[in-house]
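See structure below.
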Amino acid sequence: MDIRVFKHIAFIVSCALFVACGKTALKEQKSIPSVDYNTAQKVKYFYAESVTQLQKGNYDAAFDLLKHCIELNPYAAEAYYGLTPLYAEMGMDTLALENMEKAVSLRPDNVTYQERLAQTYLGTKQWDKAINTYERIMSYSPTRTDVLGILIQLYGQDKDYDNIIRCLDRVENIEGASEQTALSKMHIYSLKGEKDKELQVLEDLVKKHPNDMNYRVMKGNWLIQNGMHAEAFEEYQFALRQDPKHVAARLSLLDYYRTLDKDSLANALQEDILESPEIPTNDKVMLVRKVVAENEQNGADSTQVLDLFNRVLSKPQHSADMTAMYAAYLQMKNFPQDSINTVYYQALKIEPDNASVRLALIQSLWKEQNFDEIIRLSKEATQYNPDEMAFYYFLGVCYFQKGNNDASLDALRRGVSQINSKSNKEFVSDFYAIMGDILHEKGKSTEAYAAYDSCLQWKPDNISCLNNYAYFLSEEDKDLDKAERMSKKTIDEEPENPTYLDTYAWILFKQQRYEEAQKYIDKVLELSPSPDATLLEHAGDIYSKTSNTKEAVVFWKKALEGKSKNAKLIRKKIKQRKYLIK
């Protein structure tokens with residue numbers, strides 16, 4: 001019988017052999033009719049041989065051997081289990097399930113069989129059968145909290161809250177009471193509308209952990225959510241008597257004052273929290289963010305928020321988070337960019353390795369074309385954040401803009417060395433594209449083309465790279481077919497881009513497809529009110545090859561007026577009234 005299986009089948013069935021004959025079987029299944037010793041030995045031999053054949057890739061033989069085991073002993077559970085993945089790979093899911101169920105019925109004490117059957121039921125969305133199977137597993141392995149977790153999810157689908165509570169109780173009996181299980185039980189009691197039991201869970205936690213004030217605060221939060229303000233206040237006060245600097249208690253008490261509109265007490269406590277060195281910065285940031293949100297909802301009096309930021313930032317800061325949020329607020333309120341940049345600089349003094357703040361500052365300076373300052377900031381960043389490619393990018397581009405190609409190439413190469421599998425493809429592609437442009441400008445065409453090839457491996461539709469690569473190839477009369485294909489992609493993507501159309505027209509010219517080239521150069525001229533000298537020279541060259549000599553001379557003369565770098569050659573073209581090669 002021909003069957004299609006994957007290599008993992010051999011592993012599955014070999015595991016089945018171990019499970020059936022080794023330590024995992026929990027106890028003998030006495031209800032199964034026994035077979036004589038010789039038959040049992042034969043079954044054991046043929047089963048072992050089936051595993052050997054599977055490991056060799058002889059799946060047909062393995063299948064036949066397993067079937068023979070069942071002929072010898074219809075109660076050989078391991079043979080039914082072994083057949084299950086084989087039937088599944090043949091697409092015979094019904095037979096696969098029947099064999100799995102047969103194996104379990106013969107050996108219900110075998111937890112591995114039970115788990116595989118339960119997973120099968122999950123895969124086929126037979127939730128009730130999956131629940132029954134996992135409950136059977138628990139009867140044999142009563143400490144399996146992972147199985148209880150699955151049961152909780154399954155009972156949750158049916159909103160069977162009583163059984164969820166039962167499973168959570170079993171988890172607590174095994175692992176002890178925990179905040180996680182307590183919160184889960186509270187959630188279920190809340191869904192059932194049993195507030196008294198929900199509160200009882202909290203009180204039990206408080207009793208079991210009398211020295212942990214976090215549970216007192218949790219209880220207070222629950223009480224205030226359920227309208228019991230006086231009782232909640234007492235819980236917060238109790239926690240603060242035990243630990244006057246307890247962060248959660250102070251923050252919860254602040255919410256309590258806000259809820260009851262006790263603004264003076266709330267404001268005083270808020271100031272105390274924001275000035276307190278014990279309160280983590282993250283909590284302070286969350287608190288200020290909440291103040292900002294409320295301020296926006298109530299009419300957005302920015303002077304109050306600005307005053308708050310100034311008071312908070314007048315204290316020593318352990319991180320740049322608060323300063324960065326201040327800059328974000330100024331940005332939101334459309335403050336002058338200089339003011340925002342000043343805050344960015346303050347943040348970098350506090351936390352010079354804060355990459356996000358530094359990048360925000362660099363992007364702001366980029367709009368001003370402040371290349372010198374971007375270079376300074378980026379050079380610093382490569383020391384603080386050596387694995388952040390963005391800083392090498394800005395460093396390389398700014399050096400390129402200033403005409404320092406060697407420094408630019410060095411920065412880009414260092415950036416490329418940080419590439420890994422998680423790197424942004426577009427970003428990496430741009431790195432190689434710029435490197436290619438610089439290398440070509442330095443006369444290193446082979447290295448430039450290698451860089452372009454790397455660029456296109458990361459992003460095959462990098463339009464700028466495709467255009468430059470294609471144009472440089474055409475200038476050297478190399479791989480014109482490849483150049484034409486690349487250039488065609490650019491005009492398909494941007495059919496109104498004069499630069500890309502000019503490149504394509506020039507490649508067609510180099511391929512001696514003059515009539516086509518003229519159509520594209522005409523379109524370029526339509527789209528270019530003030531064509532440059534290079535474009536005009538191309539137009540003249542193309543027109544000269546389509547027997548439009550008079551028009552070609554006109555274009556060449558205009559190219560001379562545009563101060564073309566090829567002035568000497570163009571004069572010869574005009575004089576001889578024909579296209580000439582350099």
Side-chain angles (χ1 to χ4, degrees), residues 320 341 344-345 347-349 351-473 475-476 478-479 483 486 490 499 503 565:
N341 289 350
Y344 284 142
Y345 280 114
L348 288 178
K349 285 182 180 179
E351 194 176 335
D353 61 343
N354 191 309
S356 60
V357 169
R358 191 177 291 267
L359 282 172
L361 176 56
I362 287 174
Q363 288 168 349
S364 169
L365 295 171
W366 181 263
K367 296 175 184 177
E368 303 170 9
Q369 302 289 283
N370 191 342
F371 299 133
D372 288 332
E373 181 62 3
I374 294 173
I375 288 172
R376 187 189 72 78
L377 289 167
S378 297
K379 285 178 71 174
E380 281 185 358
T382 60
Q383 302 299 314
Y384 290 113
N385 310 100
D387 56 346
E388 178 55 66
M389 291 181 63
F391 297 119
Y392 298 100
Y393 177 83
F394 282 111
L395 190 59
V397 171
C398 287
Y399 275 132
F400 182 65
Q401 291 290 335
K402 290 179 67 65
N404 191 341
N405 287 350
D406 290 335
S408 176
L409 198 57
D410 175 69
L412 293 169
R413 280 173 170 159
R414 284 189 287 143
V416 165
S417 70
Q418 303 299 325
I419 294 173
N420 56 55
S421 59
K422 296 181 181 179
S423 297
N424 181 285
K425 291 183 178 181
E426 292 192 11
F427 208 46
V428 174
S429 177
D430 285 342
F431 261 87
Y432 281 115
I434 298 170
M435 286 176 63
D437 293 343
I438 295 172
L439 287 164
H440 190 274
E441 189 172 312
K442 291 171 71 68
K444 298 181 178 181
S445 296
T446 302
E447 293 180 50
Y449 297 154
Y452 288 144
D453 286 331
S454 295
C455 165
L456 297 175
Q457 283 181 357
W458 283 88
K459 191 173 186 291
D461 61 346
N462 188 314
I463 303 302
S464 177
C465 174
L466 286 167
N467 177 75
N468 291 354
Y469 196 177
Y471 183 73
F472 293 145
L473 285 174
E475 284 287 88
E476 297 179 18
K478 289 182 178 179
D479 295 324
M486 290 192 295
T490 69
T499 301
T503 297
K565 295 178 181 179

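- Distance check, rounded to the nearest 0.5 Å: CG of Asp410 to CG of Asp406 gives 9.0 Å.
- For the pair Arg358 (side chain) and Leu348 (backbone), a donor-acceptor distance under 3.5 Å is absent.
- Looking at Thr382, its side chain does come within 3.5 Å of a backbone N or O of Lys379 through a donor-acceptor pair.
- In this structure, Leu365 and Tyr344 have side chains that are not in contact, with every pair of non-hydrogen atoms separated by 4.5 Å or more.
- What you find for Gln418 and Asp387 is that their closest heavy atoms are OE1-CA, 3.5 Å.
- Side-chain N or O atoms of Glu351 include one that pairs as donor or acceptor with a backbone N or O of Ala320 at under 3.5 Å.
- Side-chain contact between Thr490 and Thr503 is absent, with no heavy-atom pair separated by less than 4.5 Å.
- In this structure, Lys459 and Asp461 have side chains that are in contact, with non-hydrogen atoms separated by less than 4.5 Å.
- A donor-acceptor contact under 3.5 angstrom links the side chains of Tyr469 and Asp453, judged on distance only.
- With rounding to the nearest 0.5 angstrom, the CG atom of Asp372 is 11.0 Å from the CG atom of Leu377.
- For Asn385 (side chain) and Glu388 (main-chain N/O), no donor-acceptor pair under 3.5 Å exists by modelled atom type.
- Summarising the geometry of Ala355 relative to Phe391, their closest heavy-atom pair is O-CZ, 3.8 Å, with the distance given to 0.1 Å.
- Here the side chains of Tyr452 and Phe472 are in contact, with some heavy-atom distance below 4.5 Å.
- Formation of a donor-acceptor pair under 3.5 Å by the Arg414 side chain with backbone atoms of Tyr392 is not found in this model.
- Of the inter-residue distances, the one linking Ile463 atom CD1 with Thr499 atom OG1 reads 13.0 Å to the nearest 0.5 angstrom.
- Proximity of Asn424 to Met389: side-chain heavy atoms (C-beta onward) are nowhere separated by under 4.5 Å.
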List the steps, then state whether side chain to side chain contact (heavy atoms under 4.5 Å, CB included) holds for Phe431 with Ile419.
CA-CA 10 Å; Phe431 261 87; Ile419 294 173; 5.9 Å; no
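- Note that the CG atom of Leu412 and the CD1 atom of Ile434 stand 6.0 Å from one another [nearest 0.5 Å].
- The closest side-chain donor-acceptor pair between Ser364 and Asn341 falls under 3.5 angstrom.
- Taking the six-membered ring for Trp and thresholds of 30 and 60 degrees, Tyr393 and Phe427 have ring planes inclined between 30 and 60 degrees apart.
- Distance check: Gln383 CD to Ser378 OG gives 12.0 Å after rounding to the nearest 0.5 Å.
- One finds the CD atom of Gln363 at 9.5 Å from the CD1 atom of Ile374 (value rounded to the nearest 0.5 Å).
- None of Ser423, Cys455, Cys465, Ser464 except one satisfies the side-chain contact (heavy atoms from CB on, under 4.5 Å) rule with Ser429; the exception is Cys455.
- By the 30° and 60° cut-offs, the orientation of the rings of His440 relative to Tyr449 is tilted.
- Residues Leu439 and Ala451 share a closest heavy-atom pair of CD1-CB, 4.3 Å.
- Here Arg376 pairs with Tyr345, Glu373, Glu380 under the side-chain contact (heavy atoms from CB on, under 4.5 Å) rule; sequence neighbours left out.
- Surrounding CD of Gln401 are more than 12 heavy atoms belonging to other residues, nucleotides or ligands, all under 6.0 Å away.
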